[in-house]
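The structure appears right after this line, and notes come after that.
The chains referred to below are lettered A, B, ... by the order of the sequence lines, with proteins before strands, and numbering in each begins at 1.
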Number of protein chains: 2
Amino acid sequence: MAEGSRSGCPINLSLEVLGDRWSLLVLRDMIFGGRRHFRELLNDSEEGIASNILASRLKNLVDTGMLTRQPDPTHRQKVIYSLTEQAIDLVPVLAQLGSWGTRWLPVSAELSIRAQLLADGGPALWQRFMAELREEHLAIPADPALDGQSVRERLQAAYLAVASH
Amino acid sequence: MAEGSRSGCPINLSLEVLGDRWSLLVLRDMIFGGRRHFRELLNDSEEGIASNILASRLKNLVDTGMLTRQPDPTHRQKVIYSLTEQAIDLVPVLAQLGSWGTRWLPVSAELSIRAQLLADGGPALWQRFMAELREEHLAIPADPALDGQSVRERLQAAYLAVASH
DNA sequence: GATTCTGATTGCATTCTGCAAGCAGCATGG
DNA sequence: CCATGCTGCTTGCAGAATGCAATCAGAATC
């Protein structure tokens, strides 16, 4: 499975890590959906990923340093997946990609409101969201000056507001 | 080849257009490398794309509205591919993705200097670059106040400066 | 008329994908 | 204790996608 890279171009190397049909969706569900366990990623997947594909992608993402896995202290046979800083640092990429998709592709209103909000929030909002993810996944305390509703809660609230119509 | 989309999520739909190992590289070569013809894309490809794969991806990109194709007036059997506004609008995505790759992956110095410059330039530089692409591909005159060296020339000069070492 | 260049197609082997089924280890309810 | 279900993950298998090499016809060039 370990092959040499085709070129040292940043975009090419990024594609070799993320350029398939599922890896980025797994990261999306962890980043925006707060999923941490195999079953959550499997059953709550909007696109219906197969279990063997999910297992393969999780292994890949761990191997490429995007995720770490550790046993769940509360359930001995459970595994918790955590985002690494490398993965959290994808937030601006996902924000731009989601924004582009919202502008040009036939997205559904309820699923695109989050991309819209994140794009409108700009780098300041992205940074705040990344700080929240660091706290959640890397146990890095966030700046206590950042009070109020979390970014993910705000995104989720907006989603529910649109979806209820 | 025409299949329904898995979900209306912006990131998912974007991946269905761009989420394979080659499409984004073709667009990268057109946007940053200024390639317009089949042979340029084929022979000057850093990663060595095969001709049938290139043909397949070009067809896909035309079908999804990322490119247009028109006969070359100077050579009757030649085809010129042009970026659409939808593709030009990918510049911020590519800038973020290239920046991420430069920060986290083992990129080569000479191939990452452009990503570095583009990231450092920020949205202002991206907009200028996009204006240049619109002039080149869509015949939309750029603001004459934007004088001086073009963004692509600047990126290319930086690449050559690093590569010569 | 031979050669070259154009974009694209074909053959064929390999890899990827995904659905269904099943696995062992652990927890829980009775 | 035993039956049941949940945990993450693996296997079988068929079909689709992918990629490399070789080749193609049409047009321009020499």
For residues 132-140 of chain A, which side-chain donor-acceptor pairs fall under 3.5 Å, sequence neighbours excluded?
unit_1   : atom_1 : unit_2   : atom_2 : d
A/Glu132 : OE1    : A/Val151 : N      : 3.1
A/Glu132 : OE2    : A/Val151 : N      : 2.8
A/Arg134 : NE     : A/Glu85  : OE1    : 2.7
A/Arg134 : NE     : A/Glu85  : OE2    : 3.4
A/Arg134 : NH2    : A/Glu85  : OE2    : 3.0
A/Glu136 : OE1    : A/Arg152 : NH1    : 3.2
A/Glu136 : OE2    : A/Arg152 : NH1    : 3.3
A/His137 : ND1    : A/Leu83  : N      : 2.9

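- Other members of the hydrophobic cluster containing B/Tyr159, listed by chain and number, are B/Leu111, B/Ile113, B/Leu160, B/Val162; membership follows side-chain contacts under 4.5 Å among ILVMFWY residues, whether direct or relayed.
- Set against D/dT18, C/dG18, C/dA8, the side chain of A/Ala50 has C/dG18 as its closest nucleotide.
- Rounded to whole angstrom, the span from the CG atom of B/Asn52 across to the P atom of D/dT23 amounts to 15 Å.
- Residue B/Ser56 places no side-chain atom within donor-acceptor reach of the base of D/dT18, judged by atom type and a 3.5 Å distance cut-off alone.
- At C/dT17, one or more side-chain N or O atoms of A/Arg57 fall inside 4.0 Å of OP1 or OP2 (strictly under the cut-off).
- Atom pair A/Glu16:CD and C/dC16:P shows a separation of 13 Å (rounding to whole Å applied).
- Closest to the B/Arg69 side chain, of the nucleotides C/dG7, C/dA8, D/dC9, is C/dA8.
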Contact letters for nucleotides 25-30 of chain D, in which S counts primed atoms plus P, OP1 and OP2 and B counts the base, heavy atoms under 4.0 Å: -BSS--

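- The distance between atom CG of A/Leu58 and atom C1' of D/dG8, rounded to the nearest whole Å, is 10 Å.
- Not counting sequence neighbours, B/Glu46 has no partner by the salt bridge (charged side-chain N to carboxylate O under 4.0 Å, His left out) test.
- Following rounding to the nearest Å, A/Leu42 (CG) and D/dC9 (C1') show an atom-to-atom distance of 11 Å.
- Following rounding to the nearest Å, A/Ile53 (CD1) and D/dC9 (P) show an atom-to-atom distance of 14 Å.
- Atoms CG (B/Leu54) and P (C/dT6) sit 13 Å apart, rounded to a whole Å.
- Among pairs with a residue in residues 93-105 of chain B, those fulfilling side-chain hydrogen bond (donor to acceptor under 3.5 Å, both in side chains) read A/Asp89-B/Arg103, A/Asp89-B/Trp104, B/Ser99-B/Arg103, at least two apart in sequence or across chains.
- Judged as a salt bridge (charged side-chain N to carboxylate O under 4.0 Å, His left out), and not counting sequence neighbours, the contacts of A/Arg28 are A/Glu47.
- Contact annotation: A/Tyr81 reaches the phosphate of D/dC9 (side-chain N/O to OP1 or OP2, under 4.0 Å).
- Applying the ring-ring contact (aromatic ring centres under 6.0 Å, His included) test to residues at least two apart or on different chains, the pairs with a partner in residues 13-33 of chain A are A/Phe32-A/Phe129.
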Criterion salt bridge (Lys or Arg N to Asp or Glu O under 4.0 Å) on A/Asp20 and A/Arg57, from CA distance to verdict: CA-CA 10 Å; A/Asp20 70 288; A/Arg57 291 309 179 277; 2.8 Å; yes

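- Summarising the geometry, the separation between CD1 on B/Ile49 and C1' on D/dA17 is reported as 15 Å, rounded to the nearest angstrom.
- Other members of a hydrophobic cluster containing A/Ile80 are absent, since no ILVMFWY side chain comes under 4.5 Å of it, directly or through relayed contacts.
- Residue B/Val26 comes nearest to B/Leu41 through the heavy atom pair O-CD2, 4.0 Å, listed as atom of the first residue, atom of the second, then distance.
- The separation between A/Glu47 atom CD and C/dC19 atom C1' is 17 Å, rounded to whole Å.
- Comparing D/dG19, C/dG7, D/dC9 against the side chain of B/Val79 picks out C/dG7 as the nearest.
- For the segment residues 22-41 of chain A, the set of residues with a heavy atom within less than 4.0 Å of an atom of DNA chain D comprises A/His37, A/Phe38, A/Arg39, in numerical order.
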